[in-house]
*Asks:* 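Once you've had a glance at the structure underneath, I'll fire off some questions.
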Number of protein chains: 2
Amino acid sequence: MPVTKEQIARFEAACRTHGLKITQQRLEIYRTLHQSTSHPSAEALYRQLVRLMPTLSLDTVYRTLATFEELGLVKRVETTGNQSRFEARTEQHHHFFCDNCGQLLDFTWPTFDSMPLPDELEQMGQIREKNLVLHGLCSRCLAGKNNNKQNTGP
Amino acid sequence: MPVTKEQIARFEAACRTHGLKITQQRLEIYRTLHQSTSHPSAEALYRQLVRLMPTLSLDTVYRTLATFEELGLVKRVETTGNQSRFEARTEQHHHFFCDNCGQLLDFTWPTFDSMPLPDELEQMGQIREKNLVLHGLCSRCLAGKNNNKQNTGP
DNA sequence: TTAACTGCAAAACATTTGCACAACC
DNA sequence: GGTTGTGCAAATGTTTTGCAGTTAA
């Protein structure tokens, strides 16, 4: 997914609004995450980025992702693993997690998104977001092409 | 939620089937998690259990939870946090996560459970499980009673 | 110029593992 | 009695933080 001018503009606007400097590191981290469809971990993102920016450090990636998360530019994905994974996609969507290879796939389900929630939830609090996480085996693992290689991004 | 004889029997049967010994530690960890509604982390479970069993160690809790997870006696909950949280409830249900206090609440939604998934997913793989995770503010935090106390169990 | 940001190194936190003794069957 | 499990301690993996030099505004 290429990054559009609009998305870069949105990123720059978000930085300016919050008094953040637009640094090379921030720009590249945002751009790379936006182009990725693999929901990479901070580590995976770092491995990819350090090839372009050899002086980049892993803790800058962590710090930057945390900052972006606060601004709402980036989201942390719901997982059962012990490494956080991130995405920059902002349209409403859901995830399918392959229990064999660890791959995360996006899908949309507008019918579900517009369904009213059960009444039981009214008493529980105020809902802001609903995320669906499916578990199973991706088609590649079903075909036996992956030997349990855990995958948290490039 | 009290633990029924049936659940203990199920636990013992699962152990025997897999050639696992029924130790005090395993029994108490299972019993305590089953009684809990807070989806505790390994650490939180340990803090609670060590009061009853002063010689218990944290790594036994981790090892035991991992074993139980393999047997399907216990599930790891989908979260965005970096600490795993567990539950022993086996009926189909979903979670509401309070972004302020970190509390996890269960709810059921049979209408959703029985909904067919979108066709788009057929090509993606084989689905085994669907978990819904809602985010928002619980009623207690809405009422301003919690000052951002992060809560991962007793 | 100046406040914010980065990289480094070290710390903090979460989880896993090797080993010797203890507990279950 | 023999195997499996536990506790201890140390290792590993992930994320955070203090600080001093660097960079964007």
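Note on naming: letters A, B, ... go to the chains in the order of the sequence lines (proteins, then strands), and numbering restarts at 1 for each one.
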*Asks:* Indicate whether the side chain of A:His93 and that of A:Asn131 have a donor and an acceptor atom separated by less than 3.5 Å.
*Replies:* no
*Asks:* Which value, rounded to the nearest 0.5 Å, describes the distance between A:Glu28 atom CD and A:Leu45 atom CG?
*Replies:* 11.0 Å
*Asks:* Taking CZ from A:Phe68 and P from D:dT15, how many angstroms apart are they, rounded to a whole number?
*Replies:* 17 Å
*Asks:* Looking at A:Glu87 and A:Arg85, does any basic side-chain N land under 4.0 Å from a carboxylate oxygen?
*Replies:* no
*Asks:* Can you tell me the distance, in whole Å, between the CG atom of A:Leu65 and the C1' atom of D:dT17?
*Replies:* 17 Å
*Asks:* Aromatic contact between A:Phe11 and A:Phe68, with the criterion being ring centroids under 6.0 Å apart: yes or no?
*Replies:* yes
*Asks:* Taking atom types as modelled, is there a side-chain donor on A:Thr67 or A:Thr64 under 3.5 Å from an acceptor on the other?
*Replies:* no
*Asks:* Go through the side-chain N and O atoms of B:His95 and A:Glu78 and say whether any donor and acceptor fall under 3.5 Å apart.
*Replies:* no
*Asks:* Could you state the CD-C1' distance from A:Glu69 to D:dT15, rounded to the nearest angstrom?
*Replies:* 13 Å
*Asks:* Can you give one letter per nucleotide of nucleotides 15-25 of chain C, going 5' to 3': B for a protein heavy atom under 4.0 Å from the base, S for sugar-phosphate only, - for none?
*Replies:* BBBB----BBS
*Asks:* Mind calculating the distance between CG (B:Leu56) and C1' (D:dC8) to the nearest angstrom?
*Replies:* 13 Å
*Asks:* Does some side-chain heavy atom of A:Arg89 sit less than 4.5 Å from a side-chain heavy atom of A:Lys75?
*Replies:* no
*Asks:* Would you mind reading off the distance between A:Leu27 atom CG and D:dT23 atom P, rounded to a whole angstrom?
*Replies:* 17 Å
*Asks:* Measure from CD1 on B:Ile29 to P on D:dG5 and round the result to the nearest Å.
*Replies:* 13 Å
*Asks:* When you look at A:Glu69 and A:Arg76, which way does the salt bridge (charged side-chain N to carboxylate O under 4.0 Å, His left out) test go after all the steps?
*Replies:* CA-CA 7 Å; A:Glu69 196 185 9; A:Arg76 201 176 287 257; 3.0 Å; yes
*Asks:* Aromatic ring centroids of B:Phe112 and A:Phe112 under 6.0 Å?
*Replies:* yes
*Asks:* Would you mind reading off the distance between B:Met53 atom CE and D:dG5 atom P, rounded to a whole angstrom?
*Replies:* 15 Å
*Asks:* Side-chain N or O of B:Thr60 versus OP1/OP2 of D:dT6: is the shortest distance under 4.0 Å?
*Replies:* no
*Asks:* Could you tell me the separation between the CD atom of A:Glu12 and the P atom of D:dA24, rounded to a whole number of Å?
*Replies:* 14 Å
*Asks:* Starting from the first five and the last five pairs of the helix from C:dT1-D:dA25 to C:dC25-D:dG1, work out the angle between the resulting helix axes, to 10 degrees.
*Replies:* 40°
